[in-house]
Novice: 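Below is one structure. I have some questions about it.
Letters go in sequence order (proteins before strands), and every chain restarts at 1.
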There are 2 protein chains.
Amino acid sequence: MNDNLLNYDVSNYRTPDGYTSDIAVFTIISTEVGQYKPPEKTLKIMLIKRTEKTKEGHSNVEGGKWALPGGFIKPEETAYEAAVRELSEETGITGLRIKHFGVYDQFGRDKRGWIISNAHYAIVPENKLVKRRAADDASEVELFSMDEVFQLDLAFDHKQIIEEALWFIKKDMSLTTVAKNFLPKQFVLSELQGVLLTVMDEPWLKLDAQFFRKAPSLPFIEKVVKDGVPQKTNRWSKNKAQLYRFNDFEPYVSIYNAKY
Amino acid sequence: MNDNLLNYDVSNYRTPDGYTSDIAVFTIISTEVGQYKPPEKTLKIMLIKRTEKTKEGHSNVEGGKWALPGGFIKPEETAYEAAVRELSEETGITGLRIKHFGVYDQFGRDKRGWIISNAHYAIVPENKLVKRRAADDASEVELFSMDEVFQLDLAFDHKQIIEEALWFIKKDMSLTTVAKNFLPKQFVLSELQGVLLTVMDEPWLKLDAQFFRKAPSLPFIEKVVKDGVPQKTNRWSKNKAQLYRFNDFEPYVSIYNAKY
DNA sequence: GCAATAGTGTCTTTTAGACATTATCCT
DNA sequence: AGGATAATGTCTAAAAGACACTATTGC
């Protein structure tokens with residue numbers, strides 16, 4: 001047996017000073033830009049502004065900075081449960097699909113000591129965010145675009161966490177059909193394109209000719225047809241466009257047989 | 001509010017008669033076929049043979065049939081914890097990565113009543129299976145190839161569960177680099193090809209010319225180079241072959257930009 | 001007709017597929 | 001040299017990319 005193990009003395013080892021849970025809440029917001037134009041879609045992240053003073057009147061750590069919603073995990077909670085609770089307390093949002101994606105435990109990431117954070121992310125349709133509010137030790141809640149967020153002086157190592165959350169969002173959007181959560185049941189190709197472009201920026205997505213050629217044969221969407229008649233809409237343009245819906249095909253693509 | 005909800009009477013509704021956890025344990029076994037030839041690899045699944053009689057001496061349900069290891073979940077357990085425990089009890093295997101993949105709750109799937117099963121799967125390197133043994137209410141433990149397993153008269157709806165587990169295994173192998181768990185740290189392209197072929201059967205994998213051309217540029221593997229000299233081995237052939245290793249790149253491929 | 005979005009035609013470039021060929025090297 | 005596996009060359013077929021073009025329709 002290793003000598004080091006025999007000489008182990010628990011008091012020589014430091015235990016974490018805190019165990020927290022943070023949540024990166026992403027949403028795609030639509031801004032109307034004209035009568036026929038489809039709304040412009042932007043990926044935004046929700047941040048809270050940390051108060052300058054705690055409830056007890058002490059000056060708050062990283063007070064005044066923008067941060068991910070989150071907080072300390074209670075002893076009887078899991079990190080996931082804490083994420084759900086904190087999000088509800090700080091922003092009033094409930095009922096989201098929340099996913100754990102990483103642990104941030106580098107010593108020095110929090111000036112208060114050795115604080116471990118479990119990072120989660122959620123992708124939320126815009127309408128779930130309407131009744132957001134500031135509460136608790138968050139003084140303000142606001143949505144920021146990705147451009148904006150990386151200009152801010154963020155609390156702790158939240159910049160890094162957001163960067164990595166963004167990577168997971170992209171992955172989720174690419175690998176799964178989550179995009180459907182941001183679209184009406186029946187949608188038009190340009191709407192799908194808009195959602196995908198908020199997160200991905202592959203060239204073929206941007207070029208209409210390529211996207212419109214390829215998209216119709218994606219195996220997980222299908223044309224909406226009623227009594228043999230393809231259903232169309234002109235909700236976004238004078239020219240009627242074919243409606244599509246997601247079917248229940250679950251696609252996956254081999255990493256061994258792809259372009260990189 | 002819906003009238004049906006107002007008239008709800010709990011006694012009108014049946015509660016499940018049992019809540020179980022089953023595990024499909026897959027492994028890739030290698031059989032030596034010659035001095036230089038790389039061993040032939042086959043995907044196998046571990047099944048247990050149900051005893052004819054219970055410990056109490058009653059005749060066992062589906063006794064004598066081959067079945068997935070598993071059993072009833074204890075009240076204080078999660079389905080996952082039960083899967084881990086059952087696998088250890090019935091086969092002596094511990095320390096595996098086990099994943100939940102489905103719930104089987106169709107009435108009639110178990111003659112004893114309404115029994116809900118949480119299905120899990122695990123992909124295990126062959127060396128973890130060496131000390132497997134039969135225990136408890138399993139009289140025998142054996143590995144079957146996919147061809148064999150679907151010939152058997154399996155207990156309950158385990159045939160269906162295995163079919164779906166197989167789908168998930170393929171997905172896992174395709175989407176992640178789990179393949180590395182079946183290879184030495186440093187491996188040769190034909191070894192990688194062998195592992196992939198146990199699960200996938202895409203044509204380009206089978207054609208050496210295509211596989212050997214494409215594989216070297218997969219972004220998640222790299223040539224083993226020492227002091228600028230590419231390292232080679234002749235462990236499988238008289239001709240030396242380049243050694244590769246997995247790097248820590250985490251690949252993913254968009255479902256929107258793939259061939260189907 | 002104009003403007004704006006939807007969708008196609010067609011050419012070029014790139015990649016995949018098939019199979020023959022060469023390269024290496026242990027016995 | 002023989003035999004076996006590793007790897008490349010080369011031709012053909014298919015798919016992706018680029019961009020011009022046509023189609024539809026409300027105003």
Side-chain angles (χ1 to χ4, degrees), chain A residues 30 32-41 186-197 200-219 221 223-224 229-244 253-260, chain B residues 32-41 186-194 196-197 200-219 221-225 229-244 253-260:
Chain A
S30 306
E32 299 296 335
V33 286
Q35 194 188 355
Y36 277 110
K37 284 180 184 300
E40 219 164 70
K41 294 179 195 303
Q186 304 192 348
F187 58 90
V188 138
L189 291 185
S190 61
E191 293 177 291
L192 175 60
Q193 186 187 27
V195 170
L196 297 179
L197 278 175
M200 312 186 227
D201 62 346
E202 290 159 49
W204 73 277
L205 278 177
K206 291 177 200 156
L207 286 165
D208 289 5
Q210 276 177 71
F211 182 77
F212 279 89
R213 173 111 15 123
K214 182 153 192 177
S217 61
L218 291 171
I221 65 172
K223 287 184 178 164
V224 180
V229 184
Q231 296 300 99
K232 308 203 172 196
T233 183
N234 54 355
R235 73 178 106 152
W236 302 125
S237 75
K238 296 164 190 167
N239 189 359
K240 283 180 183 159
Q242 176 66 50
L243 284 166
Y244 289 81
V253 186
S254 169
I255 58 173
Y256 292 97
N257 191 14
K259 286 168 302 177
Y260 289 97
Chain B
E32 300 296 335
V33 286
Q35 195 187 358
Y36 277 110
K37 284 184 184 298
E40 218 164 72
K41 294 178 195 302
Q186 304 192 349
F187 57 90
V188 137
L189 291 185
S190 60
E191 293 178 290
L192 174 60
Q193 186 187 27
L196 296 179
L197 277 175
M200 312 188 229
D201 63 344
E202 290 159 49
W204 74 275
L205 277 177
K206 291 177 201 157
L207 286 164
D208 290 5
Q210 274 176 74
F211 182 77
F212 280 89
R213 172 109 17 116
K214 183 155 192 175
S217 61
L218 290 171
I221 65 172
E222 59 192 22
K223 287 185 178 163
V224 179
V225 178
V229 184
Q231 297 300 100
K232 307 202 172 198
T233 182
N234 52 356
R235 75 178 103 152
W236 301 125
S237 75
K238 296 165 189 166
N239 188 1
K240 282 182 184 160
Q242 176 65 52
L243 284 167
Y244 289 81
V253 186
S254 169
I255 58 172
Y256 292 97
N257 192 15
K259 285 170 301 176
Y260 289 97

Novice: Over how many whole Å does the gap from A/Lys206 atom NZ to D/dG17 atom P extend?
Specialist: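 The answer, rounded to whole Å, is 13 Å.
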Novice: A/Arg235 CZ to D/dG26 P: how many Å, rounded?
Specialist: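 For the pair A/Arg235 CZ and D/dG26 P, the rounded distance is 16 Å.
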Novice: Atom CZ of A/Phe187 to atom P of C/dA6: distance rounded to whole Å?
Specialist: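 The distance from CZ of A/Phe187 to P of C/dA6 comes to 14 Å, rounded to the nearest Å.
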Novice: Between A/Leu189 and A/Ile221, does a side-chain contact (heavy atoms from CB on, under 4.5 Å) hold up when you go through it step by step?
Specialist: CA-CA 10 Å; A/Leu189 291 185; A/Ile221 65 172; 4.2 Å; yes
Novice: Quick one, A/Tyr244 with A/Leu192, criterion side-chain contact (heavy atoms from CB on, under 4.5 Å). Give me CA distance, side-chain angles, the key distance, then yes/no.
Specialist: CA-CA 9 Å; A/Tyr244 289 81; A/Leu192 175 60; over 6 Å; no
Novice: From CZ of A/Phe212 over to P of D/dC19, roughly how many Å is that when rounded to an integer?
Specialist: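 After rounding, the reported distance stands at 18 Å.
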Novice: What pair of heavy atoms forms the shortest contact from A/Gln193 to A/Phe212, and how long is it?
Specialist: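 Reported closest heavy-atom pair: OE1-CE1, 4.2 Å.
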Novice: Could you check which of C/dA6, D/dA6, D/dA18 has an atom nearest any side-chain atom of A/Leu207?
Specialist: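 For A/Leu207, the side-chain atoms sit closest to D/dA18.
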Novice: Do side-chain atoms of B/Ser217 reach the backbone of B/Lys214 as a donor and acceptor pair under 3.5 angstrom?
Specialist: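 Yes, B/Ser217 side chain to B/Lys214 backbone: donor-acceptor pair under 3.5 Å.
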Novice: How long is the line joining CG of A/Leu189 and P of C/dA4, in whole Å?
Specialist: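 Roughly 21 Å, once rounded to whole Å.
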Novice: Between B/Ser237 and C/dT24, does any side-chain N or O lie under 4.0 Å from OP1 or OP2?
Specialist: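 B/Ser237 to C/dT24 OP1/OP2: no side-chain N or O under 4.0 Å.
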Novice: Going through the distances and angles, do A/Val195 and A/Lys41 end up as a side-chain contact (heavy atoms from CB on, under 4.5 Å)?
Specialist: CA-CA 7 Å; A/Val195 170; A/Lys41 294 179 195 303; 3.8 Å; yes
Novice: Return the minimal non-hydrogen interatomic distance between B/Tyr260 and B/Ile255, and the atom names on each side.
Specialist: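 The pair with the smallest heavy-atom distance is OH-O, 2.6 Å.
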Novice: More than 12 foreign heavy atoms under 6.0 Å from NZ of B/Lys206: is that the case here?
Specialist: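 Result for NZ/B/Lys206: enclosed.
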Novice: Shorter than 3.5 Å, N or O on both sides, protein versus nucleotides 10-13 of chain C: list them out with atom names.
Specialist:
unit_1	atom_1	unit_2	atom_2	d
C/dT10	O4	A/Arg213	NH1	3.0

Novice: Can you tell me the distance, in whole Å, between the NZ atom of B/Lys232 and the C1' atom of C/dC26?
Specialist: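 Atom NZ in B/Lys232 sits about 16 Å away from atom C1' in C/dC26.
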Novice: Where do A/Val224 and A/Gln186 come nearest, in terms of heavy atoms and distance?
Specialist: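 Where A/Val224 meets A/Gln186 most closely, the heavy atoms are CG1-NE2, 3.5 Å.
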Novice: Any N/O pairs under 3.5 Å between the protein and nucleotides 14-16 of chain C? List them or say none.
Specialist:
unit_1	atom_1	unit_2	atom_2	d
C/dA16	OP1	B/Lys214	NZ	3.1

Novice: Sort me out a list of protein N/O and nucleotides 23-25 of chain D N/O pairs below 3.5 Å, or just none if empty.
Specialist:
unit_1	atom_1	unit_2	atom_2	d
D/dA23	N3	A/Asn239	ND2	3.4
D/dT25	O4'	A/Lys238	O	3.3

Novice: Measure the CZ-OH distance between B/Phe211 and A/Tyr256 for me, rounded to the nearest 0.5 Å.
Specialist: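 The distance works out to 8.5 Å.
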Novice: What is the separation between atom NZ on B/Lys223 and atom C1' on D/dA6, rounded to the nearest whole Å?
Specialist: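 Atom-to-atom, B/Lys223 to D/dA6, this comes out as 12 Å.
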Novice: Could you walk me through whether A/Val188 and A/Leu243 satisfy the side-chain contact (heavy atoms from CB on, under 4.5 Å) test, starting with their C-alpha distance in whole Å, then the side-chain angles of each, then the deciding distance to 0.1 Å, before giving a yes or no?
Specialist: CA-CA 5 Å; A/Val188 138; A/Leu243 284 166; 4.0 Å; yes
Novice: Can you tell me how far P of C/dT22 sits from CG of B/Asp208, to the nearest Å?
Specialist: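 Roughly 18 Å, once rounded to whole Å.
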Novice: Can you give me the closest heavy-atom contact between B/Ala258 and B/Ser254, atom names plus distance?
Specialist: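 Scanning both residues completely, I find the closest heavy atoms to be CB-O, 3.8 Å.
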Novice: Heavy atoms under 4.0 Å, any strand shown: does A/Ala209 hit a base, just sugar-phosphate, or nothing?
Specialist: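 If one applies the 4.0 Å heavy-atom cut-off, A/Ala209 turns out to touch a base.
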